[in-house]
Amino acid sequence: NASIQQLDVLPDGRWKIQLRLENFSDKTVHYTNVKASLKVGGEDAADISLNADMDVPGENADTLDTTFMPKPDAAKAFASDVKLPGGASYELKGTITIPAADKDFKFEHKSRLSPVPGIANQYR
């Protein structure tokens, strides 16, 4: 599975996200490519494509960082929704390539991001 562990809104408006890759297997798994579409507040924010090239031990997780400029409608929706008591909703949907299985595994994760207390422009 993949989810957003943290989102930082940078001074120039770009978003830096820590993408969390979770390994539910009891064995170490080598991940290569992660391709996903990100929606925030129901708006398309970005298409993400990363070369993970990492091993994640069994029943563990690790993170990857990426920075991008979100689409304007998504940035507006996020700025508005994140002020609400439940935070801003997001949906991450795509595939993770695992070479040992010779397969792209589909994933879909829906959750919410809220401000980190005391740290401006950081959301978890």
Which pair of non-hydrogen atoms, one from [X] and one from [Y], has the smallest distance, and what is that distance?
X	Y	value
A77	V40	CB-O, 4.0 Å
A75	W15	CA-CZ2, 3.9 Å
T63	R20	CG2-CA, 4.1 Å

What salt bridge (Lys or Arg N to Asp or Glu O under 4.0 Å) pairs are there with at least one residue in residues 31-54, not counting sequence neighbours?
none
So salt bridge (Lys or Arg N to Asp or Glu O under 4.0 Å) across residues 4-14, not counting sequence neighbours, yields D12-R14
Check: [Y] and [X] side chains under 4.5 Å, non-hydrogen atoms:
X	Y	answer
V56	V29	no
Q6	Q122	yes
I17	F68	yes

In the hydrophobic clustering that connects Ile, Leu, Val, Met, Phe, Trp and Tyr at side-chain heavy-atom distances below 4.5 Å, which members other than L10 occupy its cluster, ordered by chain and number?
none
Centres of the F78 and Y90 rings: under 6.0 Å?
no
I'd like to check the salt bridge (charged side-chain N to carboxylate O under 4.0 Å, His left out) partners of R112; sequence neighbours left out, ordered by chain and number.
none
In chain order, what residues pass the salt bridge (charged side-chain N to carboxylate O under 4.0 Å, His left out) check against K110, with sequence neighbours excluded?
E108
Excluding sequence neighbours, so at least two apart, what forms ring-ring contact (aromatic ring centres under 6.0 Å, His included) with F107?
none
Residues, nucleotides or ligands: over 12 heavy atoms within 6.0 Å of K93 NZ:
no
